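Just so you know, these numbers come straight off a predicted model, no measurement behind them. So that the names make sense, note that chain A is the first sequence line, chain B the second, and so on, each numbered from 1.
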Protein chains: 2
Amino acid sequence: MTNNGRSSQSRPVQLDEVSKAIIEQLQADGRRSYADVGKAVGLSEAAVRQRVQRLTESGVMQIVAVTDPMQLGFTTQAMIGIRTAGDTRVLAARLAEIPEIDYVVLTAGSFDVMAEVVCENDDELLELLNTRIRVIEGVQSTETFVYLKLQKQFYNWGTR
Amino acid sequence: MTNNGRSSQSRPVQLDEVSKAIIEQLQADGRRSYADVGKAVGLSEAAVRQRVQRLTESGVMQIVAVTDPMQLGFTTQAMIGIRTAGDTRVLAARLAEIPEIDYVVLTAGSFDVMAEVVCENDDELLELLNTRIRVIEGVQSTETFVYLKLQKQFYNWGTR
DNA sequence: AGTGAAACGACCGTAGA
DNA sequence: TCTACGGTCGTTTCACT
């Protein structure tokens, strides 16, 4: 879970080309040895390790396992746009507590909050919508966009 | 970039509790040693290594570096819903080529495609929308939901 | 911030159950 | 698919720049 947004108080970090190159290496394979990465970017193993540590501790980068829901039999995914009459932050917090919801963002526009859900099947999505989302206090309407195909998913924002 | 969706032909993988535990360990820290993970889940180092290899090769899991756009000074993010008169797959493919767009999904509902963008500022988003998205052949309308706050982001679908 | 070197620990291949 | 084990390579610490 992250906590970013326009209200983020931390100042932006300016990466040099070497750090960007390190991140690119680890984006391809998060377990590549520091020595290998060092060879690729022209730095010693120790220097790479120090930079990775700094990047990780500052929250700029993290190395994590990510899983593919489709491969695990979660065949139904959807984005849900929600309008509320109440405090949008309260709604977002309530949505974030639901384990089937992996992504919650407060937005400007015709939805107050958008949430992505991962479900085993359509029935589970329907159940979730009606018994756990639409019943949240203040919710006025929801609009569901069922995923037909995930075309692109890129985890490495800011290093393109 | 992934390639999932309802059209996915691969059959679901059923994970046992041990593999789920391994994934949980590596979700917290993708660089933890196999020996450490083994201690946590009650398996030898070699067994953990084999399971991680299988999980990775089958595409169920991958260990990667992820970065935080806000920390890097990309202060403007948005979800864009798009309607097209043409082939939605062609539109999705064109959108996927744009580096500022990190997420593209074909949907059922009042949008044909939804895309997430990461920009340095509002001007860049405006420029992108008008000169590279709305000009794509067939695009009929776009609706932009600027992010005010990212509330939840979870990378480990299917192991909740 | 970076390098280099030595001790330590992790990783890999193979054998065996 | 697991454990056991030895060789190799990566990581860690530290002294130095």
>> Using whole Å, what does the distance between atom C1' of nucleotide dT11(D) and atom CG of Asp29(B) come to?
In response: 14 Å

>> Expressed as a whole number of angstroms, how long is the span from Ile63(A):CD1 to dT11(D):P?
In response: 11 Å

> Which part of the nucleic acid, if any, lies within reach of Arg54(B) when heavy atoms closer than 4.0 Å are counted: base, sugar-phosphate only, or nothing?
Replying inline: sugar-phosphate

> So does Glu137(A) have more than 12 non-hydrogen atoms from other groups sitting under 6.0 Å from CD?
Replying inline: no

> Which whole-number value in Å describes the distance from Gln53(A) CD to dG10(D) P?
Replying inline: 20 Å

> Under 4.0 Å between a Lys/Arg side-chain N and an Asp/Glu carboxylate O for Lys20(B) and Glu24(B)?
Replying inline: no

>> Measure OH/Tyr34(A) against C1'/dT13(D) and give the value in whole Å, please.
In response: 15 Å

> Which sits closer to the 5' end of DNA chain D, Val48(B) or Ala46(A), going by the nucleotide each is nearest to?
Replying inline: Val48(B)

> Of the candidate nucleotides dG10(D), dA10(C), dT3(D), which contains the atom at the shortest distance from the side chain of Leu43(B)?
Replying inline: dT3(D)

>> Taking only side-chain N and O atoms of Arg49(A), does any of them lie within less than 4.0 angstrom of OP1 or OP2 on dT13(D)?
In response: no

> Can you check the Glu17(B) CD to dT1(D) P distance for me, whole Å?
Replying inline: 17 Å

> Given the P atoms of dC16(D) and dA1(C), what is the spacing between them in whole Å?
Replying inline: 22 Å

>> Tell me whether Arg31(B) is salt-bridged to Asp36(B), with the criterion being a basic N under 4.0 Å from an acidic carboxylate O.
In response: no

> Between dT11(D), dG2(C), dG10(D), which nucleotide has the shortest distance from any of its atoms to the side chain of Arg31(B)?
Replying inline: dT11(D)

> Please walk me through it: do Glu57(A) and Arg54(A) pass side chain to side chain contact (heavy atoms under 4.5 Å, CB included)?
Replying inline: CA-CA 5 Å; Glu57(A) 283 174 357; Arg54(A) 267 181 275 126; 5.5 Å; no

>> By nearest atom, which of the nucleotides dT11(D), dG2(C), dT3(D) is closest to the Ala47(B) side chain?
In response: dT3(D)

> Under 4.0 Å between a side-chain N/O of Arg32(A) and OP1 or OP2 of dG10(D), yes or no?
Replying inline: no

> Rounded to the Å, how far apart are Glu45(A) CD and dC8(C) P?
Replying inline: 17 Å

> Roughly, in whole Å, what's the span from NZ in Lys39(B) to C1' in dT3(D)?
Replying inline: 16 Å

>> Under 4.0 Å from OP1 or OP2 of dG2(C): is there any side-chain N or O of Arg51(A) that close?
In response: yes

>> Between Glu100(B) and Arg132(B), does any NZ, NE, NH1 or NH2 come within less than 4.0 Å of an OD or OE carboxylate oxygen?
In response: yes

